[in-house]
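Reminder, nothing fancy here: chain letters follow the sequence lines and each chain counts from 1. Note that the structure is a prediction, hence the values are computed from the model and not measured. Values below: every heavy atom of this structure, side chains too, minus hydrogens, waters and symmetry copies.
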2 protein chains.
Amino acid sequence: MRPPTLLDLAKELNLSTSTISRALTRPGVVRPATRERILAAIEKIGFSPNGVARSLRKRETKTIGIIVPDITNWFFGVIVRAISGAVGPHAYMMVVFDANEDPEAEAKALQSLRERQVSGIIRCPVGGENKSWEAAIASGTPVIELDRCSGLRNVDTVLIDDDQAGRIAAECLIALGHRRIGTIAGPQHLSNARGRLRGFLKALSKASITLAPELIEYGDFRESSGYIGAERLMSLRARPTAIFIANSEMTGGAIAAIRELKIRIPKDLSLIGFDDARWARYLDPPLTTISHPTPELGRCAAELLLDRLTKVKSHRKSRVIKFEPELIVRGSTAPLRITKQSRR
Amino acid sequence: MRPPTLLDLAKELNLSTSTISRALTRPGVVRPATRERILAAIEKIGFSPNGVARSLRKRETKTIGIIVPDITNWFFGVIVRAISGAVGPHAYMMVVFDANEDPEAEAKALQSLRERQVSGIIRCPVGGENKSWEAAIASGTPVIELDRCSGLRNVDTVLIDDDQAGRIAAECLIALGHRRIGTIAGPQHLSNARGRLRGFLKALSKASITLAPELIEYGDFRESSGYIGAERLMSLRARPTAIFIANSEMTGGAIAAIRELKIRIPKDLSLIGFDDARWARYLDPPLTTISHPTPELGRCAAELLLDRLTKVKSHRKSRVIKFEPELIVRGSTAPLRITKQSRR
DNA sequence: GGCAGAAATGCAATCGATTGCATTTCTGGC
DNA sequence: GCCAGAAATGCAATCGATTGCATTTCTGCC
């Protein structure tokens, strides 16, 4: 019942645990014949080393923690997969926490991760205080931030250029002739949501368009808030002719609301979504959307972490890597037709 | 730099490590005054117990492993989230592996999980041999299978009634008058794919409909295979008037293909999808689809596992729990119109 | 104040692999 | 066959928390 240990093996073979251990970890250093014998016995007995004991002794768990706000969101699914793919070959295993966009849950996750002595953490911050993160970093656990940044010092960060994303969305709509433009922004305590809105507004104001406050809806990055936001925007007396939505979940919700209201895209309303989730192309018309190399983001974060993990504790300066978003123009955007604009 | 240990604390407080350990794990057993003192010191020093050492001593990692075929698939995202939510309160942490529908990757994942001494495993099998799984179970690691079953003995299993799912899909299409019905089935080495096809075919044959072999496309549960499958079906000389697709990823691919071919749903083709992913309602027309209580599946698996983990090693008989699927009729299915049927 | 019994604390072994150092076994050259 | 040096192996401490058992410190009661 209890799995065999090195000691069991040692007795069986009349060897010391040291030799067996070395045979497994530094093959060159034991005599080939001995090694053969050991391997055979392992095969026969079905021994597999106890990683917990190893971790304790080596002070290194070969485990990385990942905290995402919502694993059912396609974006984070892709991120997790990319990270998994990048660290797997280096024999790291991945502990995943779904913080559910809740700072308290994130704090608990951090605590668990620290107790479990993970080698490093990749985090998509959901907010909350920085104190315990500072402690974690101070105690030597490298932390990478992804998609959002919390203002923490000494973390590498992988971001999308959110200002840029907001800007190109706005510019596209402006170029199509839209003037009454709305947006469903994300929660403003998150850096990415702020950036997307900032870039968006800046581009509008550059085109001398000022947004009435009611044309900005603030969601929470969840589907339902997109639904509600769209409902609100669409029930405005001066309804926007185009909207930009700051993430894919809210985009989905908005689309559901818009269909229920029998508003036609892009005839009655142009729409730019975010993240280019797989389903963006399934829609009819397919969705015009801000896109970014999602798997690259994950891989990049993983590589930054691995770098910190494998390099000698060089107190490297922390890095920020920004990926450029791009606009994929599909069918949900169209030029404004004057007749429409004045219809109601 | 090195985080403080029990011993550090003990010296600081002039106590033994035992007392501190007990203060933390069995509060009742140390004098309240002592406890206060300890707690204060912990607060001050910033001590947090080393979970690795604890796991080694207690032979219990409080960690469960989860292997899914594709974490970017909405279905598995929901599953992971549900499991996470269910085990979190019991202080279990979750290690996630994405097997990428690859048996070899799954085998490697199992090996890692065993080395790390996880307390239990929830697995959505992707195929491959059962030997090492038997070994894991024999050595006392409880295993739960989810969504698919591998034929392994002594595992609890949580499934959808796939035969039923296939049946109701078929019945719906038959009731709408369709006779030339196609399907994009999943890979037949997976139990769920087999069940869905089996139920589907059975219902058809009950209605005296026999499927020409070319009306059955076999995909691999990935989007691209849905795309290809749909292309093939739609290029048949005797094109089906309705199709049933056995998972959500392939459904997405099929929809993309169908749109590109300018075939209109449901006018030219009725379509029943699977899994009721979030985006099924975003489509136009919204997707008619087989639905099941996805988060329940995950929660149920988690509970079965927790049960095995917490109950005294009762050699309980293994259980199989089947959830009933249901058909959500939305806009992608319509009655067959005779004129259509004979159009080409 | 003394004593029995309970409550609190301490001691030391333990979990299983790793590793610095000591010891044994090989190897080749004479 | 012997010896120096290299190669292989063994010994024992270590990682940090837990826990059975031993010891000390409290209680309450006479």
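Interface residues of residues 6-21 of chain A facing DNA chain C, ordered by number: Leu6(A), Thr17(A), Ser18(A), Ser21(A); criterion, heavy-atom separation under 4.0 Å. Contacts with DNA chain C (heavy atom under 4.0 Å) in residues 110-121 of chain B: none are found. At a non-hydrogen distance threshold of 4.0 Å, nothing from residues 39-54 of chain A comes into contact with DNA chain D.
Side-chain atoms of Asp156(A) come within 3.5 Å of backbone N or O of Arg319(A) as a donor-acceptor pair. Ser191(A) places a side-chain N or O within 3.5 Å of a backbone atom of Cys149(A) that can act as its donor or acceptor partner. Looking at Ser139(B), its side chain never comes within 3.5 Å of a backbone N or O of Pro3(A) through a donor-acceptor pair. Within the 3.5 Å criterion, the main-chain N or O of Ala23(A) finds a donor-acceptor partner in the side chain of Arg35(A). When atom types are taken as modelled, the side chain of Ser119(A) and the backbone of Lys62(A) share a donor-acceptor pair closer than 3.5 angstrom. When atom types are taken as modelled, the side chain of Ser21(A) and the backbone of Thr17(A) share no donor-acceptor pair closer than 3.5 angstrom.
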Ignoring hydrogens and angles, write down the donor-acceptor pairs under 3.5 Å from the side chains of residues 42-52 of chain B, residues two or more places apart or on other chains.
| from | atom 1 | to | atom 2 | distance (Å) |
| --- | --- | --- | --- | --- |
| Lys44(B) | NZ | Glu12(B) | OE2 | 3.1 |
| Asn50(B) | OD1 | Val52(B) | N | 2.8 |
| Asn50(B) | OD1 | Ala53(B) | N | 3.1 |

Can you give each donor-acceptor pair under 3.5 Å made by side-chain atoms of residues 124-136 of chain B, sequence neighbours left out, with the distance rounded to 0.1 Å?
| from | atom 1 | to | atom 2 | distance (Å) |
| --- | --- | --- | --- | --- |
| Glu129(B) | OE1 | Lys131(B) | N | 2.8 |
| Glu129(B) | OE2 | Ser132(B) | OG | 3.2 |
| Asn130(B) | ND2 | Ser150(B) | O | 3.4 |

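Pairs passing the salt bridge (charged side-chain N to carboxylate O under 4.0 Å, His left out) check and including a residue from residues 13-29 of chain A, sequence neighbours excluded, do not occur. For residues 53-92 of chain B, the set of pairs meeting the ring pair (Phe, Tyr, Trp, His ring centres under 6.0 Å) definition, not counting sequence neighbours, comprises Phe75(B)-His292(B).
Residue contacts for Ser55(A): at a heavy-atom cut-off of 4.0 Å it reaches no nucleic acid atom on any strand shown.
With sequence neighbours left out, Thr19(B) forms a side-chain hydrogen bond (donor to acceptor under 3.5 Å, both in side chains) with Ser16(B). For Phe97(B), there are no ring-ring contact (aromatic ring centres under 6.0 Å, His included) partners two or more places apart in sequence or in a different chain. Residues satisfying the side-chain hydrogen bond (donor to acceptor under 3.5 Å, both in side chains) test with Asn100(B), not counting sequence neighbours, are Arg81(A), Arg222(B).
Annotation: of the two residues near DNA chain C, Arg59(B) and Pro32(B), the 5′-most nearest-nucleotide partner is Pro32(B). Of the two residues near DNA chain C, Arg22(B) and Lys58(B), the one whose nearest nucleotide lies more 5' is Arg22(B).
A salt bridge is defined here as a Lys NZ or Arg NE, NH1 or NH2 lying under 4.0 Å from an Asp or Glu carboxylate O, and Arg148(A) with Glu101(A) meets this definition. For the pair Asp8(A) and Arg2(A), the salt-bridge criterion is not met [side-chain N within less than 4.0 Å of a carboxylate O].
Contact footprint of chain B on DNA chain C: nucleotides with an atom under 4.0 Å from a non-hydrogen protein atom, first to last in 5' to 3' order, dA8(C) to dG16(C).
Taking five base pairs at each end of the helix from dG1(C)-dC30(D) to dC30(C)-dG1(D) and finding the rotation axis that steps the C1' atoms of four pairs onto the next four gives two axes whose angle is 30°, to the nearest 10°.
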